[in-house]
Amino acid sequence: MKIQAPPTSQEDLLMRAHRLAGLCLADVASELKVNVPHNFKRHKGWSGQLIECYLGATAGSKPEQDFVELGIELKTLPLSYALRPLETTYVCYAPLRHMMGVTWETSNVRNKLQKVLWIPIQGERDIPPGERIIGSPILWQPSAKQSLLMQQDWEELMDMISLGQVESITARIGQVLQLRPKAADGSALTEAIGNNGSTILTRPRGFYLRKEFTQSVLDGAF
DNA sequence: AGCTGATCATAC
DNA sequence: GTATGATCAGCT
C-alpha cells in the first residue's frame, strides 16, 4: 500500500478530503495500490482504513484522535440511497473498571468527538464496494445541544458501569449514545465491576452513536 | 425492516 | 486482551 504524508494543517486535510468527493472506492484503492474486496463480510473496516490511508492518518490502534496534531477524528459514514446513515458509528472502547476520576470532560468519547471529519460513502449492500461513491466531507463540531445529549448518556452509562450494572445495560439505553459488545467474538472477556464492587468477567463493550444522531450531523451540514 | 448483539481483520 | 477500523445477521 502506498503511504501518504500526513496533512500539515486542517486546510490541507480538508483539501485532500474534498478531492475524494465524487470518486468511488475503487478509484482510491487503485491510487493506493490496494485490492478491493468483493464484499465486507470479512473486510468490515476496509473503507475506513482506505480513507485513513489516503488522508495520511497514522495507522494505529491508539485510543486517540486520528489526527492528534489537528485535534480531528476521522469517521466514514455509510449512507442509504435516501442519504441516511445505514449503521451506528463506533466511537471508542468503554472502560469497565478503573474509571474512577474520569469525567465527561476527560473522557475518550468527548475527546474523540470534539471535532470529526465525516466522510459519507454509499453503503447499500447491493452496491459492490469498489463502486461505492464517496461524498463531500463534513467537518463537524458538536453543538451545545448535541454535546449535552452525549454527556447525559455517557454519564448515565458510566454510572451504571461504576455501580456494577454493566450486565444490565442494553443498546436501548441512551438517547444518542449506546453501549454494545465490541469484540472479536463471544469468547472475548474482560474484567468489569460486578455486584457489591466485586470483579466479574464480561464481554468488552464500546460506545456507539445512534443513526438518528449522525443524521442530525448530516442535517446540520446542509 | 430495523435493531441489538455478535462478529471480522489487523496491530501490538 | 486492548483498541483501532467497522459491518454482519439473527431475531423481534
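Here the structure is a predicted model, which means the values were calculated and not measured. Just so it is clear: chains get the letters A, B, ... in the order the sequence lines come, proteins before strands, and each one is counted from 1.
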Original post:
Does some side-chain heavy atom of A:Trp140 sit less than 4.5 Å from a side-chain heavy atom of A:Gln146?
Top reply: yes
Original post:
Can any side-chain N or O of A:Asp185 pair as donor or acceptor with the backbone N or O of A:Ser187 at less than 3.5 Å?
Top reply: yes
Original post:
Residues two or more places apart in sequence or in another chain: which of them pass side chain to side chain contact (heavy atoms under 4.5 Å, CB included) with A:Ser168?
Top reply: A:Met160, A:Gln165
Original post:
Over how many whole Å does the gap from A:Lys211 atom NZ to B:dC3 atom C1' extend?
Top reply: 7 Å
**OP:** Find which nucleotide of DNA chain B each of A:Gln178 and A:Asp185 is nearest to by heavy atoms, and output the residue with the more 5' nucleotide.
**Re:** A:Gln178
**OP:** Please identify each residue that fulfils side-chain hydrogen bond (donor to acceptor under 3.5 Å, both in side chains) with A:Thr103, with sequence neighbours left out.
**Re:** A:Thr106
**OP:** Name all residues meeting the side-chain hydrogen bond (donor to acceptor under 3.5 Å, both in side chains) criterion together with A:Gln175; count only those two or more places apart in sequence or in a different chain, and write none if there are none.
**Re:** A:Gln152, A:Asp153
Original post:
Starting at CD of A:Glu191 and ending at P of C:dA3, how long is that distance when rounded to a whole Å?
Top reply: 13 Å
Subject >> All side chain to side chain contact (heavy atoms under 4.5 Å, CB included) counterparts of A:Thr89, not counting sequence neighbours >> reply: A:Lys75, A:Leu77, A:Trp118, A:Leu209, A:Thr214
Original post:
Given atom CG of A:Leu179 and atom P of B:dA6, what is their separation to the nearest angstrom?
Top reply: 12 Å
**OP:** Could you check which residues of residues 164-173 of chain A get a heavy atom under 4.0 Å from DNA chain B? Sort them by number, please.
**Re:** A:Thr170, A:Ala171, A:Arg172
Subject >> Sugar-phosphate or base contact per nucleotide [nucleotides 4-12 of chain C; S, B, -; heavy atom under 4.0 Å] >> reply: BBBBBB---
**OP:** Among Ile, Leu, Val, Met, Phe, Trp and Tyr joined by side-chain contacts under 4.5 Å, find the other residues sharing a cluster with A:Tyr93 and list them by chain and number.
**Re:** A:Tyr90, A:Tyr208
Quiz: residues 25-47 of chain A side-chain donor-acceptor pairs under 3.5 angstrom, not counting sequence neighbours:
| unit_1 | atom_1 | unit_2 | atom_2 | d |
| --- | --- | --- | --- | --- |
| A:Asp27 | OD2 | A:Cys24 | N | 3.0 |
| A:Asn39 | OD1 | A:Lys41 | N | 2.8 |
| A:Trp46 | NE1 | A:Asn35 | O | 3.4 |

Subject >> Contacts of A:Ala144 that satisfy side chain to side chain contact (heavy atoms under 4.5 Å, CB included) - sequence neighbours left out >> reply: none
**OP:** Using side chain to side chain contact (heavy atoms under 4.5 Å, CB included) as the criterion, list what pairs up with A:Leu201, not counting sequence neighbours.
**Re:** A:Leu189, A:Glu191
Original post:
Apart from A:Ile127 itself, what residues make up its hydrophobic cluster when side-chain heavy atoms of I, L, V, M, F, W and Y under 4.5 Å apart count as a link, directly or indirectly?
Top reply: A:Tyr81
**OP:** Determine the contact category for A:Glu212: base if any of its heavy atoms lies under 4.0 Å from a base atom, sugar-phosphate if only primed atoms, P, OP1 or OP2 are that close, otherwise nothing.
**Re:** sugar-phosphate
Original post:
To the nearest 10 degrees, what angle separates the axes at the start and end of the helix from B:dA1-C:dT12 to B:dC12-C:dG1, five pairs each?
Top reply: 30°
**OP:** Specify the separation, in whole Å, of atom NE2 of A:His98 and atom P of C:dT2.
**Re:** 11 Å
